[in-house]
Amino acid sequence: EAIIKNEGTGEPVLKLTKTYKVSRGSYLLDCDITIENVSRSEQKVGFNLAGPGGLGREAYGQDVRKVIAGYRDSSGQIASMSLDKAKLHKAKTPDDRRLEVPGGKLLWVAAVNKYFAAIVVPVPDEEDKAYCDWVTDRTGWLYNPDGDRKADSGDETLGVNLKTASNTLAAEASKTYHFQLYIGPKDKSVFDKNELYRNLGFVQTIDFMGCCCPAWMINPLAFGILAIMKWMHGFWPHNYGIVIIVLVFLVRLILHPIT
């Protein structure tokens, strides 16, 4: 809890309460932020939510961290927009850091590294709504504590800033903003098994950075190879090292007539 007071009189104006709910066996947290007007007059309120942040850099050779926003486009499909560290470092204006898909409705924002994702889902006020309409802006940011020119000393972190719409609270009134937070692996099998993750398109946080091919081409191929590897691992020999050797042998055998 936190109390915001009038700087001149010292009288309490707003009370902020943040509540987390952790479910056993789940990567998902529920977070509620309640703003209560404890003054005797109405107050206009709104806030910026900074985060998620703090995902570490995997190695000094390459920093693949990025921020992503997921949207539902006009055709009902899930689309995403991302900014990596290099783009955020070069950004000069808020427009350069804005995460936006033209005509899309925001579903979630995320900070990701190579293997893990922290995904924030603003929950609509009405249950029958498919998207949240009280987030008015979303931008990525890069925090560089030591201020080194190239932003590659290893202390940097990435995150997302969400700006909420302003609301007028009458005296003693309150408003609660609901969020869900996924903190876990970027694992397609995890995303496919959970209906919420599937519907929100969390699989969009997975990409294959080392490939020059477009996502629509490489993703089905890569996911197909991963599925084959998991099947072989479960069937035989329960060792991914041997699975890779066998798979490489089979691919070379198939391609041998061509090469």
Side-chain angles (χ1 to χ4, degrees), residues 26-31 49 51-53 55 64-84 87-88 95 97-141 158-165 177-227 230:
S26 173
Y27 293 113
L28 204 65
L29 310 176
D30 291 307
C31 175
L49 178 69
L55 283 179
V64 298
R65 289 177 295 175
K66 62 178 64 177
V67 292
I68 309 173
Y71 289 82
R72 193 173 300 280
D73 64 20
S74 56
S75 65
Q77 301 299 309
I78 304 295
S80 63
M81 190 266 187
S82 65
L83 294 170
D84 59 22
K87 291 179 180 178
L88 291 174
D95 286 340
R97 296 184 287 106
R98 186 158 285 118
L99 293 161
E100 190 169 12
V101 171
K105 305 297 184 182
L106 180 69
L107 299 176
W108 48 265
V109 295
V112 305
N113 60 18
K114 189 173 183 179
Y115 300 111
F116 297 95
I119 307 173
V120 174
V121 182
V123 179
D125 289 332
E126 302 172 19
E127 291 186 4
D128 58 343
K129 274 195 173 182
Y131 60 90
C132 170
D133 58 2
W134 45 262
V135 173
T136 59
D137 198 14
R138 40 270 167 193
T139 52
W141 53 264
L158 281 67
V160 180
N161 186 73
L162 297 180
K163 182 179 180 180
T164 67
Y177 299 85
H178 303 283
F179 298 89
Q180 291 179 309
L181 176 61
Y182 172 92
I183 305 176
K186 298 194 306 182
D187 188 329
K188 188 174 185 294
S189 63
V190 172
F191 296 154
D192 287 345
K193 290 176 183 177
N194 186 291
E195 183 179 2
L196 175 66
Y197 303 164
R198 285 200 313 273
N199 291 341
L200 292 178
F202 282 5
V203 72
Q204 295 276 343
T205 61
I206 304 174
D207 59 10
F208 300 92
M209 291 77 64
C211 183
C212 59
C213 299
W216 62 265
M217 180 185 298
I218 192 61
N219 282 8
L221 179 62
F223 287 136
I225 292 174
L226 286 174
K230 286 189 176 183

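Values reported hereafter were calculated over all heavy atoms of this structure, with side chains retained and with hydrogens, waters and symmetry mates removed.
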Let me confirm one number: the [atom1]-[atom2] distance from [X] to [Y], rounded to the nearest 0.5 Å.
X: Trp134; Y: Leu106; atom1: CH2; atom2: CG; value: 9.5 Å
X: Ile119; Y: Ile68; atom1: CD1; atom2: CD1; value: 8.0 Å
X: Gln204; Y: Tyr71; atom1: CD; atom2: OH; value: 13.0 Å
X: Glu100; Y: Asp95; atom1: CD; atom2: CG; value: 8.5 Å
X: Ile183; Y: Ser26; atom1: CD1; atom2: OG; value: 10.5 Å
X: Arg65; Y: Leu88; atom1: CZ; atom2: CG; value: 10.5 Å

Exercise. Could you go step by step and tell me if Asp30 and His178 meet the side-chain contact (heavy atoms from CB on, under 4.5 Å) rule?
Worked result: CA-CA 8 Å; Asp30 291 307; His178 303 283; over 6 Å; no
Over all heavy atoms of both residues, which pair between [X] and [Y] is shortest? Give the atoms and the distance, please.
X: Leu107; Y: Pro122; value: O-CD, 3.6 Å
X: Pro124; Y: Cys132; value: CG-N, 3.9 Å
X: Ala69; Y: Leu99; value: CB-CB, 3.7 Å
X: Val101; Y: Ala79; value: CG1-CB, 4.3 Å
X: Arg98; Y: Met81; value: O-CE, 3.5 Å

Is there a side-chain contact between [X] and [Y] (heavy atoms, below 4.5 Å)?
X: Val160; Y: Val120; answer: no
X: Asn161; Y: Arg97; answer: no
X: Val203; Y: Ile206; answer: yes
X: Leu226; Y: Lys188; answer: no

For this session: Assess whether side-chain contact (heavy atoms from CB on, under 4.5 Å) is satisfied between Phe179 and Leu49, documenting all intermediate values.
Result: CA-CA 11 Å; Phe179 298 89; Leu49 178 69; 3.7 Å; yes
Would you say [X]'s side chain and [Y]'s backbone share a donor-acceptor pair under 3.5 angstrom?
X: Arg72; Y: Tyr131; answer: no
X: Arg138; Y: Leu162; answer: no
X: Lys186; Y: Asp207; answer: no
X: Arg198; Y: Asp192; answer: yes

Problem set entry | side-chain contact (heavy atoms from CB on, under 4.5 Å), paired with Lys163, selected from Asp137, Thr139, Val135 | Asp137
Exercise. Does the gap between the ring centers of Tyr27 and Phe116 come in under 6.0 Å?
Worked result: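 No, the ring of Tyr27 stays outside the 6.0 Å limit from the ring of Phe116, centre to centre.
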For this session: Could you label the plane-to-plane angle of the Phe202 and Tyr197 rings as parallel, tilted or perpendicular, counting under 30° as parallel and over 60° as perpendicular?
Result: parallel
Exercise. Passes salt bridge (Lys or Arg N to Asp or Glu O under 4.0 Å), Asp84 versus Lys87? Steps please.
Worked result: CA-CA 6 Å; Asp84 59 22; Lys87 291 179 180 178; 5.3 Å; no
Problem set entry | Test log, rule salt bridge (Lys or Arg N to Asp or Glu O under 4.0 Å), inputs Lys230 and Asp187 | CA-CA 12 Å; Lys230 286 189 176 183; Asp187 188 329; 3.4 Å; yes
For this session: Would you please test Thr205 and Tyr182 for side-chain contact (heavy atoms from CB on, under 4.5 Å) and show each step?
Result: CA-CA 12 Å; Thr205 61; Tyr182 172 92; over 6 Å; no
Exercise. Would Val67 and Val109 satisfy side-chain contact (heavy atoms from CB on, under 4.5 Å), going step by step from the backbone distance to the final call?
Worked result: CA-CA 7 Å; Val67 292; Val109 295; over 6 Å; no
